[in-house]
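Following: one structure in structure tokens, then a few remarks.
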2 protein chains.
Amino acid sequence: MQLDERKYRILQAIIDDYIMTAMPVGSRTISRKAGFSFSPATIRNEMSDLEELGYLDQPHTSAGRVPSNKAYRLYVDHLMKAAKLSPDERERIHDHLIDKSKRVEGVIRSAADVLSDTTKYTSVIVAPKLGTLRIKHVQLVPVADRTALMIIVTSAGIVKDAVIRVPEGLDADDLYSISRMLTQKLADKPLEAVRQAFSEMLRNAEQSRRLLGETLSVIEKKLETGGDASDVVIGGSSNLLEYPEYSDVNKARNFLAVLESKDTLRQLVSRDGGMEITIRIGPENGRPELNDCSIVTASYRVGDHSNGTLGIIGPTRMNYNRVISVLDFMGRALSDVLSEYR
Amino acid sequence: MQLDERKYRILQAIIDDYIMTAMPVGSRTISRKAGFSFSPATIRNEMSDLEELGYLDQPHTSAGRVPSNKAYRLYVDHLMKAAKLSPDERERIHDHLIDKSKRVEGVIRSAADVLSDTTKYTSVIVAPKLGTLRIKHVQLVPVADRTALMIIVTSAGIVKDAVIRVPEGLDADDLYSISRMLTQKLADKPLEAVRQAFSEMLRNAEQSRRLLGETLSVIEKKLETGGDASDVVIGGSSNLLEYPEYSDVNKARNFLAVLESKDTLRQLVSRDGGMEITIRIGPENGRPELNDCSIVTASYRVGDHSNGTLGIIGPTRMNYNRVISVLDFMGRALSDVLSEYR
DNA sequence: TGTTAGCACTCAACATCAACGAGTGCTAAC
DNA sequence: GTTAGCACTCGTTGATGTTGAGTGCTAACA
């Protein structure tokens with residue numbers, strides 16, 4: 001059995017309806033829709049075929065049909081027609097993003113909020129991986145005896161810091177000049193060159209070996225690892241509770257528990273390849289506790305090399321159309337705004 | 001009618017039972033308890049009195065009684081006997097807090113997690129107000145043409161930053177020396193003295209008036225305002241859903257919405273006075289959407305002057321006893337750990 | 001005077017049952 | 001190939017009865 005034109009149209013109508021109402025769709029509902037001149041009986045035959053093909057599920061015999069994950073997959077791959085955002089909405093989004101006084105973290109925070117506001121789903125934004133960035137500035141600040149705060153400013157304007165121990169007897173001025181030296185040696189170099197520069201320094205400066213060693217290891221750690229919790233920003237965590245599929249408190253709790261683990265979350269929205277938009281429907285996202293969630297992600301660039309991810313988590317019955325348009329637009333907007341910081 | 005010894009004991013037993021079970025408590029349940037040699041009928045008479053006095057509510061005629069907010073108030077003020085944490089628990093909490101490589105923000109993050117883990121409620125920690133801190137270091141870092149990142153390190157090791165515009169023609173070295181000058185002038189002074197130092201500088205340095213003006217206003221803003229979202233840290237936001245009083249999705253959503261607004265949250269847990277522990281039961285917290293929540297807060301110190309708040313939000317039927325012990329201990333532990341950074 | 005047994009009463013919770021209706025699958029006619 | 005007709009399924013809704021935990025009151029008891 002093959003999917004002909006009419007089956008496509010019926011399937012599409014069912015998905016559209018189900019996305020709106022969250023109620024199983026019956027044959028009468030479809031036949032009444034504009035553009036269908038067939039009787040419910042005919043629709044029923046087609047629906048029966050679609051069920052056999054795995055595109056529809058029936059919760060029970062006397063209920064209407066519900067789209068399967070396979071149907072959503074087909075929908076996002078072939079049936080969906082791209083929706084454009086209205087100029088109003090575009091403007092609204094832009095307005096929320098371009099506050100010059102906000103730092104990168106602030107922009108990302110706002111972006112997450114706007115994203116969840118406009119889609120009514122839960123949004124997640126992951127900051128760009130530091131490994132792909134360049135160091136702009138390194139600064140050691142004394143905070144206590146033999147303790148200093150190391151601050152790293154990257155080309156994207158992202159600030160990272162860590163506490164390090166310093167040898168006894170170094171005062172603020174010493175740290176000042178060490179910072180200056182470090183900045184000069186390390187600025188605008190990729191991580192590989194940074195490591196190189198360090199081994200050079202280690203050869204020449206016997207006495208400050210410990211300090212340099214620790215500094216390098218901190219820089220490596222900060223720049224190489226996946227990042228810490230602050231790199232993952234969530235917006236609208238309570239939005240999912242608006243949808244009937246999460247009116248069960250247990251499901252809701254499960255979902256919120258996932259949101260609390262930033263590591264899981266980062267993993268979930270991290271992208272496969274260079275595709276514009278990635279859509280994971282239901283079990284495709286790989287986590288059983290999010291079986292009935294879909295995750296849609298897009299990416300944004302900061303400068304030329306490094307990019308972060310922004311995504312939406314919602315029920316599989318998601319308004320993919322709208323979500324994709326919003327994500328697509330937001331991805332570009334974010335890239336624009338953040339690249340100005342360079 | 002007065003509360004005699006027996007009424008106290010019965011009320012206490014009812015509260016204890018209700019905190020455990022969340023079910024209305026009947027007279028039989030109480031009379032069976034160890035230490036009560038009275039028949040259910042006697043208990044019933046007493047309960048009837050307690051109800052008349054406003055300490056008990058009856059959901060409906062044929063149900064047991066539940067403690068009123070007034071009863072909880074009496075409980076926490078007079079009936080409760082302080083529980084001590086086991087050495088095991090103390091150790092566990094301490095272990096989670098003292099990771100030397102974590103900065104203040106990191107410690108607070110861990111503290112929130114430990115707090116919600118040990119109490120099974122939702123925890124909120126507010127970082128100390130910056131206004132009470134001293135500046136340790138100021139650093140301007142070039143990020144783009146005519147734009148610099150200003151980084152302020154305070155005595156508590158808290159880092160704040162903001163983007164500021166700088167006059168054309170200032171290169172990294174210029175910013176370097178300005179930073180150095182600023183740090184020298186401002187370090188270890190309270191805000192009032194900082195303002196003084198600035199007006200002095202403004203008089204002497206005509207040409208850099210704009211830069212200094214902007215710098216001061218940023219410092220003032222960062223140090224004086226209530227703080228931004230990053231100063232409020234939440235742990236275990238999904239914990240409240242474990243409790244039957246929040247099995248209604250609408251209530252749950254309301255609660256989560258409050259958690260999303262950091263401003264509201266900061267206001268909620270901010271302390272009245274210098275009391276060790278503050279307890280707000282039900283409507284006492286002033287927000288109608290949290291009418292059936294209690295908020296218990298304690299404070300912690302960073303150094304001598306500035307202090308932050310840590311708190312627990314849970315159902316009014318809260319294990320006050322345990323929550324108070326944990327908060328009390330955590331407050332001290334946090335103060336200890338954070339004061340080492342000075 | 002305080003305590004207790006006894007008893008009628010209340011009311012949420014639960015189970016049972018019938019009616020309803022949205023929706024299906026099948027068949028026969030168009 | 002399409003459709004009207006019809007029997008059938010099954011979740012939903014509402015009415016009804018039963019159960020049991022718990023109460024309030026009264027009268028008897030120590």
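- S116(A) is linked by a side-chain contact (heavy atoms from CB on, under 4.5 Å) to S123(A), N239(A), counting only residues two or more places apart in sequence or in another chain.
- Defined by atom type and a distance below 3.5 Å, a donor-acceptor pair is missing between the side-chain atoms of Y121(B) and N319(B).
- Annotated stems with DNA chain C as a participant read C:1-30 with D:1-30, given as range with range, by first number; only runs of 3 or more Watson-Crick or G-U pairs under 3.5 Å qualify.
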Footprint string (nucleotides 20-30 of chain D, 5' to 3'): B base within contact, S backbone only, - free, heavy atoms under 4.0 Å | -BSBB------
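- Rounding to whole angstrom units, CZ of residue F36(A) and P of dT2(D) are separated by 13 Å.
- Nearest-nucleotide positions on DNA chain C place T42(B) closer to the 5' end than the other of T42(B) and P59(B).
- At whole-Å resolution of the value, CD1 in I10(A) and C1' in dG1(D) are 13 Å apart.
- Counting only residues at least two apart or in different chains, ring-ring contact (aromatic ring centres under 6.0 Å, His included) contacts with residues 12-63 of chain B are absent.
- Screening residues 22-42 of chain B for salt bridge (charged side-chain N to carboxylate O under 4.0 Å, His left out), with sequence neighbours left out, gives D17(B)-K33(B).
- As judged by a 4.0 angstrom heavy-atom cut-off over every strand, S31(B) is placed among residues making no nucleic acid contact.
- A donor and an acceptor atom, one from each side chain of S237(A) and E260(B), are located under 3.5 Å apart.
- Put simply, the side chain of N321(B) reaches to within 4.5 Å of the side chain of Y75(B), judged on heavy atoms.
- Here the P atom of nucleotide dA22(C) and the CD1 atom of I43(A) are 18 Å apart, to the nearest Å.
- Two residues are said to be in side-chain contact when any heavy atoms from C-beta on lie closer than 4.5 Å; Y72(B) and M318(B) fail this criterion.
- For the pair M23(A) CE and dA22(C) P, the interatomic distance rounds to 11 Å; values are reported in whole Å.
- In this view, D113(B) and R109(B) satisfy the side chain to side chain donor-acceptor pair (under 3.5 Å) rule, not counting sequence neighbours.
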